[in-house]
Amino acid sequence: MDFDYTPIQILSENLNNNTFYMKRDDLFQVSFGGNKARKATLFFEDIRKTSADCVLTYGASSSNHCRIIANIAASKRLPCYIISPIESSHTTTNSKLVNLFGASVEYCPVSKVKSIIKLKLSELKAQGYAPYFIQGGGHGNIGTQAYLNAYSEILKYERKSGVNFDYIFHTSGTGTTQSGLIVGKLINDDDKKIIGISNARKNPQGTKVIYESVDSYLVNRLRKSISSEQIVLVDDYVLDGYGSYNKKIISVIFDMLKNDGIPLDPIYTGKGYWGMKEYIKTNNISDKNILFIHTGGTPLFFDHLEELFNGY
Ligand SMILES: *Cc1c(COP(=O)(O)O)cnc(C)c1O
């Protein structure tokens, strides 16, 4: 698959006289888009170079990651196996799509995930398969590469438009997106501030994971290193952790939909966008060019549509 870059557009938001732009990775050209689609595309390019004949991954049945992996695997006629934590196994649009694509989903307690993955891999090998394992959320150097590519697209946009972004904000989960952006900044010797708004993880753990991803990518390919002070992961807006949200987030989602016609969701992008606005107010950031990366998750918007109508 050979994809062109995703669009960047100006928003109507004008908080503190900043100018806001959005990179529409939710429009990435496969399986409802999003950062998992951007990462998955590279994983499947890698699979093509191997003799793998099936895919195994991990994630909640509601995750964007599992939907996209199941979709691309189906398109390539590769059997797809998903290990899913039983704790988050409710039915969502994503889980319905995963089933539609014919993936085989096996549930287990989150504490057993590691051992079940190991078991499943050896089971598949014993059956004569050559499985390719993709980490949950598309974590790892290939996922990092995907957002290094996105960073290059952002620089290309800057050269073409004459706009220079002072800040990049985005929602941070497993930290892979942020790692790729940080690597992009380092490689290009750029000075944008990259601010990840954590939707679940707290520090110091969240920052540590990003540090390790960046370090793993750079040590393997560039032999350059970074200090963890260069990583800004804001954990002030995680509320009660993954999946939790409040009225303010719903109202941010409604405003974005009404004013710019762009869907956000309460788990990732709505939470991140709300967190960004709070961060900008708290830190008195004004008169800057600010880019928010819409990391996608369109199906999640529909899962939470009722809350928008009901005023939550
Ligand atoms: C997974 C996800 C994120 C978080 O990305 P990471 O690379 O895991 O940090 C953000 N937004 C959406 C919509 C996601 O699905």
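Quantities reported herein were computed from a predicted structural model and do not represent experimental measurements.
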Student: Using only atom types and a distance under 3.5 Å, with no angle test, would you say the side chain of Thr171 pairs donor to acceptor with the backbone of Tyr268?
Tutor: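 Yes; judged by distance alone, with no hydrogens or angles, the pair exists.
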Student: Under 3.5 Å, is there a donor on one side chain and an acceptor on the other for Ser198 and Asp235?
Tutor: no
Student: I'd like to know if the side chain of Asp260 reaches the main chain of Ser12, judged simply by a donor and an acceptor atom lying under 3.5 Å from each other, with no hydrogens or angles considered.
Tutor: yes
Student: To the nearest 0.5 Å, tell me how far Ser31 OG sits from Ile72 CD1.
Tutor: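 Nearest 0.5 Å value for the OG-CD1 distance: 6.5 Å.
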Student: Does Ser84 use its side chain to pair, donor to acceptor, with the backbone of Glu106 at less than 3.5 Å?
Tutor: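 Not confirmed, Ser84 side chain does not pair with Glu106 backbone.
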Student: Check step by step if side chain to side chain contact (heavy atoms under 4.5 Å, CB included) holds for Tyr273 and Ile249.
Tutor: CA-CA 8 Å; Tyr273 196 88; Ile249 293 174; over 6 Å; no
Student: Which residue is it: Thr57, Thr50, Asp53, Asp46? I am looking for the one with a side chain to side chain donor-acceptor pair (under 3.5 Å) to Tyr132.
Tutor: Asp46
Student: Are Leu78 and Val98 in one and the same hydrophobic cluster, where Ile, Leu, Val, Met, Phe, Trp and Tyr link if side-chain heavy atoms are under 4.5 Å apart?
Tutor: no
Student: Linking I/L/V/M/F/W/Y whenever any side-chain heavy atoms sit under 4.5 Å apart, do Leu233 and Leu218 land together?
Tutor: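 They do share one cluster, since a chain of ILVMFWY contacts under 4.5 Å joins Leu233 to Leu218.
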Student: Identify the residue among Lys36, Lys39, Arg38 that makes a side-chain contact (heavy atoms from CB on, under 4.5 Å) with Ile68.
Tutor: Lys36
Student: Establish, from distance only, whether the side-chain atoms of Ser286 and Asn17 form a donor-acceptor pair under 3.5 Å.
Tutor: no
Student: Could you report the tightest heavy-atom contact between Ala52 and Pro131, atom names first, then the distance?
Tutor: CB-C, 4.5 Å
Student: Closer than 3.5 angstrom, by distance alone: can the side chain of Asn188 be matched with the main-chain N or O of Gly184 as a donor-acceptor pair?
Tutor: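 At least one qualifying donor-acceptor pair exists.
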Student: How long is the span from the CD1 atom in Ile197 to the OG atom in Ser172, to the nearest 0.5 Å?
Tutor: 9.0 Å
Student: What I want to check is whether the side chains of Tyr147 and His170 have a donor and an acceptor closer together than 3.5 Å.
Tutor: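 His170 and Tyr147 do not have a side-chain donor-acceptor pair below 3.5 Å.
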Student: When you check the gap from the basic side-chain N to the acidic O, do Lys277 and Glu13 get nearer than 4.0 Å?
Tutor: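 Looking at Glu13 together with Lys277, the answer is yes, because their closest N to O distance falls below 4.0 Å.
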Student: Is it the case that the side chains of Lys96 and Thr91 hold a donor-acceptor pair, with the cut-off being a distance below 3.5 Å and no angle test?
Tutor: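 No donor-acceptor contact under 3.5 Å links the two side chains.
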Student: Verify whether one side chain among Thr298 and Asp26 offers a donor that lies under 3.5 Å from an acceptor in the other.
Tutor: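 Thr298 vs Asp26: no donor-acceptor pair found between side chains.
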Student: Using side-chain hydrogen bond (donor to acceptor under 3.5 Å, both in side chains), reason through Asn284 and Asn16 one step at a time and then give a plain yes or no.
Tutor: CA-CA 8 Å; Asn284 290 317; Asn16 284 2; 5.1 Å; no
Student: For a quick test of reading the model, state the closest non-hydrogen atom pair linking Phe44 to Ala73 and the distance between them.
Tutor: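 Looks like CZ-N, 3.7 Å.
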Student: Tell me whether Phe254 at atom CZ has more than 12 heavy atoms from other residues, nucleotides or ligands lying less than 6.0 Å away.
Tutor: no
Student: What residues, two or more places apart in sequence or in another chain, satisfy ring-ring contact (aromatic ring centres under 6.0 Å, His included) together with His139?
Tutor: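 Result, ring-ring contact (aromatic ring centres under 6.0 Å, His included) vs His139: none returned.
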Student: Establish, from distance only, whether the side-chain atoms of Thr177 and Asn35 form a donor-acceptor pair under 3.5 Å.
Tutor: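 Yes - a donor-acceptor pair under 3.5 Å links their side chains.
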Student: Would the distance check show the side chain of Lys271 and the main-chain N or O of Val238 forming a donor-acceptor pair, the cut-off being under 3.5 Å?
Tutor: yes
Student: Please report the shortest heavy-atom distance between Leu124 and Cys54, naming the atom on each side.
Tutor: CD1-SG, 4.2 Å
Student: Indicate, with yes or no, if Ile83 and Tyr129 share a hydrophobic cluster defined by side-chain heavy-atom contacts under 4.5 Å among Ile, Leu, Val, Met, Phe, Trp and Tyr.
Tutor: yes
Student: Are Ile47 and Leu56 joined in one hydrophobic group, where the rule is that I, L, V, M, F, W and Y side chains link up if heavy atoms are under 4.5 Å apart?
Tutor: no
Student: Short question: side chain of Asn71, backbone of Phe101 - any donor-acceptor pair under 3.5 Å?
Tutor: no
Student: Do Asn141 and Ser216 get their side chains close enough for a donor-acceptor pair, meaning under 3.5 Å?
Tutor: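 Yes, because at least one side-chain N or O of Asn141 sits under 3.5 Å from a partner of the opposite role on Ser216.
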Student: Starting from the C-alpha separation in whole Å, work towards a yes-or-no answer on ring pair (Phe, Tyr, Trp, His ring centres under 6.0 Å) for Tyr157 and Tyr5.
Tutor: CA-CA 10 Å; Tyr157 175 87; Tyr5 52 82; 8.5 Å; no
Student: Is the closest basic N to carboxylate O distance between Glu278 and Lys281 below 4.0 Å?
Tutor: yes
Student: Please evaluate residues Val113 and Ile116 with respect to the criterion side chain to side chain contact (heavy atoms under 4.5 Å, CB included), reporting the C-alpha separation (whole Å), side-chain torsions for both, the decisive distance (0.1 Å), and the verdict.
Tutor: CA-CA 5 Å; Val113 162; Ile116 299 283; 5.9 Å; no
Student: Dump the intermediate steps for side chain to side chain contact (heavy atoms under 4.5 Å, CB included) on Phe292 and Phe20, then the final yes or no.
Tutor: CA-CA 7 Å; Phe292 181 83; Phe20 289 85; 5.9 Å; no
Student: Is it the case that more than 12 heavy atoms not belonging to Asp240 sit under 6.0 Å from its CG atom?
Tutor: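 No.
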Student: Is the shortest side-chain N to carboxylate O distance from Glu45 to Arg48 below 4.0 Å?
Tutor: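 No salt bridge links Glu45 with Arg48.
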Student: Taking side chain to side chain contact (heavy atoms under 4.5 Å, CB included) as the definition, give me every residue that meets it alongside Lys192, ordered by chain and number, with sequence neighbours left out.
Tutor: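 With sequence neighbours excluded, Lys192 shows a side chain to side chain contact (heavy atoms under 4.5 Å, CB included) to Tyr151, Ile154, Leu155, Glu158, Phe165, Ile168, Asp190, given in chain and number order.
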Student: For the backbone of Thr93 and the side chain of Asp303, can you confirm whether one donor and one acceptor N or O come within less than 3.5 Å of each other?
Tutor: yes
Student: Begin with the C-alpha distance, continue with both residues' side-chain angles, and end with the deciding distance and a verdict on side chain to side chain contact (heavy atoms under 4.5 Å, CB included) for Ile290 and Met276.
Tutor: CA-CA 10 Å; Ile290 295 175; Met276 170 185 77; 4.0 Å; yes
Student: Is there a donor in the side chain of Asn289 and an acceptor in the side chain of Asn164, or the other way round, less than 3.5 Å apart?
Tutor: no
Student: Treating Asn18 as the side-chain partner and Ile285 as the backbone partner, does any N or O pair qualify as donor plus acceptor under 3.5 Å?
Tutor: yes
Student: Please check: side-chain N/O of Asp25 versus main-chain N/O of Phe28, any donor-acceptor pairing under 3.5 Å?
Tutor: no
Student: So, taking the atom named CD1 in Ile253 and the one named CD1 in Ile262, what distance separates them when rounded to the nearest 0.5 Å?
Tutor: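 CD1 of Ile262 is found 13.0 Å from CD1 of Ile253.
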Student: Working to the nearest 0.5 Å, report the span between CD1 of Ile210 and CD of Gln205.
Tutor: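 Here the rounded value is 10.5 Å.
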Student: Considering all heavy atoms of both residues, which atom of Leu186 and which atom of Val214 are nearest to each other, and what is their separation?
Tutor: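 Heavy atoms only, the tightest pair is CD1-CG1, 4.3 Å.
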Student: Under 3.5 Å, is there a donor on one side chain and an acceptor on the other for Tyr217 and Gln145?
Tutor: yes
Student: Working to the nearest 0.5 Å, report the span between OG of Ser251 and NZ of Lys258.
Tutor: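 So the OG of Ser251 and the NZ of Lys258 are separated by 9.0 Å.
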Student: Taking C-beta and beyond as the side chain, do Gln230 and Ile182 meet within less than 4.5 Å on heavy atoms?
Tutor: no
